[in-house]
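Just so it is clear, the values below take in all heavy atoms, side chains as well, and ignore hydrogens, waters and symmetry mates. Numbers here simply count residues along the sequence, with the first being 1.
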Amino acid sequence: MYYLFFVGRCLHTRGQEILNNPFLNKGTAFTEAEREEFGLTGMLPAHVQTIQEQADQAYAQYLTKVNDVEKRIFLSTLFDTNRTLFYYLVDQHVAEFMPVVYDPTIADTIENYSALFVNPQNAAFLDINHPENIEATLKNAADGRDIKLLVATDAEGILGIGDWGVQGVDIAVGKLMVYTAAAGIDPASVLPVSVDAGTNRKELLADPLYLGNRHERVRGDQYFEFIDKFVKTAQSLFPEMYLHFEDFGRSTATKILNTYKNEWPTFNDDIQGTGIVVTSAVLGALAITGEDIKTQTYLTYGGCSAGTGIANRVLAEFMQQGLSEEEARKHFYMVDRQGLLFDDDETLTPEQKPFARSRSEFENADELTDLLSVVKTVKPTVLVGTSTNPGSFTKEVVEAMVANTDYPKIFPLSNPTKLHEAMPDDLIKWSNGKALVATGVPVDPVTASNGVTYEIGQANNMLVYPGLGLGTIVAKAKVLSDGMISAAAHALGGMVDASQPGAPVLPPVSRLSEMSFRVAVAVAKQAVAEGLNQVEIDDVEAAVKAAQWTPEY
């Protein structure tokens, strides 16, 4: 009797474990034979559903949710229980779901993460106070899975909303959702990581529901030693890992990237990802206008790590088109809180200093303390906003740009929407339809008084980082090179339909899978061309297709 009880209990436990494992669970799609084999007999309703029936049922439930936060919570619950069904459903509604799964709704769920907490979503939570637990934490979270992609964040500098401590783990989870939905990276091969170094947000430290370390952020040697131990441990455990850093702070992001990028395939989305997409947007705009990039004057409004990272990437494109670094830098200006950045300013960050100008260049240097004065003086043709200063691209600023160029390229990228430097309908109106616009979050098309409907490009990193990661993983590249990054930008920028009136400077999110595939192929080909691949590839396109996971049972 004991033996029979023991066997029955093992079968029951096995069935429960399968239903509770999001990588194995099929829910009501388990066939009768599978139910018997896996100890699921009697644990599910009798009717065996197809995955399409499940998806139809889930979408009907999704539509009953009253706002985007409720919709994201519903989708997250589905993600927690059945990864295959989640991605099958997302694949059918990718353009509709991306603003819910990712930007801008993710900002709301990050801000309320502790209060809404239900499931850790297979994330690894690293505690800076316990470096001795790093290896065990990564092993426990991976649970024997072959990890090929790791997204890590300490959530100090989430674009638009700042420092959110451990609650920022949701950005890592969201990024990985997009990696799979867009590029087909196997969800069983990814791992979100939270580096909990504390938080300087007083409201979190005082919140009794806050789930992270309740002390201010740890800085200096202790912090960087912890990061180093984490990276080296991850490299040892996951030797084919592509390491993606996300939303680290201004004082740490560039240092961390520079420490590891020449020894491992390492990527920082804020520094490199946005830069690739904005470079693609510039290339797309130039395809529409027929202009040469070497004739453009580039102005950054917002000297954060994202702003400097974007500028560096576009600068590299100028140099690839034949300009020396010295010549290219003459085309670049940067404005931050103090106005135009000058090289005698002792408060400049190391990332800002290369973009600072000499006061001797300007007769009115002391007056260049606001955006409008700078625009009138330097006459930019490209204006990129990463300031999180809403409404700063005023009518006067736009009119000043129109006075200097026939086709102003204006990209208000700060997100969420409430932090946009300007809204596209105003930019189109104030420029009399001349402005070429890209934003950081999805917005509706704008119909101008001239009768033309302008599609607004979404300069969102998700257009490029999934394919960039997939291409690097397929090639098993030793590092992520500048050449691979440039290949990604050109692959994306080359998808613009310049013949269409009102065409967007970037392809629409509805083509996300196509974009990701093209980018992956271009990146893998460039890795092979540079001899960075660690696996022989005869047919890159076939290799990329073979590496893509399909959400089917």
Side-chain angles (χ1 to χ4, degrees), residues 7-65 70-94 97 100-101 109 116-125 139-151 169-170 172-192 548-553:
V7 171
R9 184 172 179 179
C10 282
L11 288 172
H12 180 71
T13 301
R14 184 158 54 104
Q16 290 283 19
E17 288 176 349
I18 290 172
L19 293 178
N20 290 326
N21 186 324
F23 302 106
L24 301 177
N25 183 31
K26 293 166 57 174
T28 53
F30 282 110
T31 65
E32 291 184 9
E34 288 171 334
R35 296 179 191 201
E36 182 176 352
E37 179 182 358
F38 300 134
L40 295 170
T41 300
M43 298 181 68
L44 294 163
H47 178 63
V48 176
Q49 289 186 301
T50 65
I51 193 171
Q52 186 59 55
E53 288 175 329
Q54 289 180 319
D56 292 342
Q57 186 179 57
Y59 186 61
Q61 294 175 36
Y62 170 88
L63 293 176
T64 67
K65 306 306 173 184
E70 291 297 322
K71 288 177 179 178
R72 192 174 194 281
I73 291 171
F74 172 79
L75 290 176
S76 294
T77 301
L78 182 59
F79 176 82
D80 291 339
T81 56
N82 187 332
R83 292 284 200 276
T84 302
L85 177 57
F86 170 83
Y87 286 112
Y88 185 91
L89 183 62
V90 170
D91 187 57
Q92 295 184 336
H93 306 278
V94 64
F97 281 8
V100 177
V101 168
T109 57
L116 297 172
F117 181 83
V118 174
N119 190 304
Q121 297 184 311
N122 300 104
F125 293 88
K139 284 182 176 178
N140 290 340
D143 194 26
R145 293 180 288 126
D146 182 15
I147 301 300
K148 300 286 182 63
L149 169 60
L150 192 152
V151 174
V169 69
D170 218 20
V173 173
K175 288 283 181 181
L176 289 169
M177 288 178 176
V178 179
Y179 266 112
T180 298
I185 293 178
D186 187 345
S189 71
V190 308
L191 183 66
Q548 291 183 298
W549 173 82
T550 301
E552 293 283 355
Y553 294 137

OG1-CD distance between T180 and Q548, expressed to the nearest 0.5 angstrom: 11.0 Å
Test side-chain contact (heavy atoms from CB on, under 4.5 Å) applied to L89 and V94, T84, I51, L78, the passing residue: L78
CD-OG1 distance between Q57 and T28, expressed to the nearest 0.5 angstrom: 6.5 Å
Heavy-atom side-chain proximity of V118 to I73 below 4.5 angstrom: no
Candidate pair L44 and L19, rule side-chain contact (heavy atoms from CB on, under 4.5 Å), full reasoning: CA-CA 10 Å; L44 294 163; L19 293 178; 4.3 Å; yes
Smallest separation among heavy atoms of A55 and Q92, with atom names: CB-OE1, 4.0 Å
With R83, the side-chain hydrogen bond (donor to acceptor under 3.5 Å, both in side chains) member among N21, N25, N122: N122
CD/E32: more than 12 non-hydrogen atoms of other groups inside 6.0 Å: no
Non-neighbouring partners of E34 that pass salt bridge (charged side-chain N to carboxylate O under 4.0 Å, His left out), sequence neighbours left out: K26
Where Q49 and E53 come nearest, the two heavy atoms and their spacing: CA-OE1, 3.1 Å
Flag for Y553-N82: side-chain donor and acceptor within less than 3.5 Å: yes
Main-chain N/O of L40 paired with R35 side-chain donor or acceptor, under 3.5 Å: no
Separation between CD of Q54 and CG of L85, rounded to the nearest 0.5 Å: 5.0 Å
Identified ring-ring contact (aromatic ring centres under 6.0 Å, His included) counterpart of Y87 within the set Y179, F23, W549: W549
Salt bridge (Lys or Arg N to Asp or Glu O under 4.0 Å): pairs with one or both residues in residues 173-191, sequence neighbours excluded: K175-E246, K175-D269
T64 vs F74 side-chain heavy atoms within contact, under 4.5 Å: no
For D146, all residues meeting salt bridge (charged side-chain N to carboxylate O under 4.0 Å, His left out), sequence neighbours excluded: K148
N/O donor-acceptor pair under 3.5 Å between S189 side chain and I185 backbone: no
Validation row: Q121, D170 side chains within 4.5 angstrom (heavy atoms): yes
Nearest heavy-atom neighbours spanning A123 and A141: O-CB, 3.9 Å
Separation of T77 OG1 from F79 CZ (nearest 0.5 Å): 11.5 Å
4.5 Å side-chain heavy-atom contact, L24 and F38: no
Qualifying residues under ring pair (Phe, Tyr, Trp, His ring centres under 6.0 Å), relative to Y62, sequence neighbours excluded: Y59, F97
Gap separating the CG atom of L191 from the CG atom of L176, nearest 0.5 angstrom: 8.0 Å
Spacing of CD1 belonging to I18 relative to CZ belonging to R14, to within rounding of 0.5 Å: 6.0 Å
Nearest non-hydrogen partners of P120 and F125, listed with the distance: CB-CE1, 3.8 Å
Contacts of K139 that satisfy salt bridge (charged side-chain N to carboxylate O under 4.0 Å, His left out) - sequence neighbours left out: E135
N20: partners by side-chain contact (heavy atoms from CB on, under 4.5 Å), with sequence neighbours left out: Q16
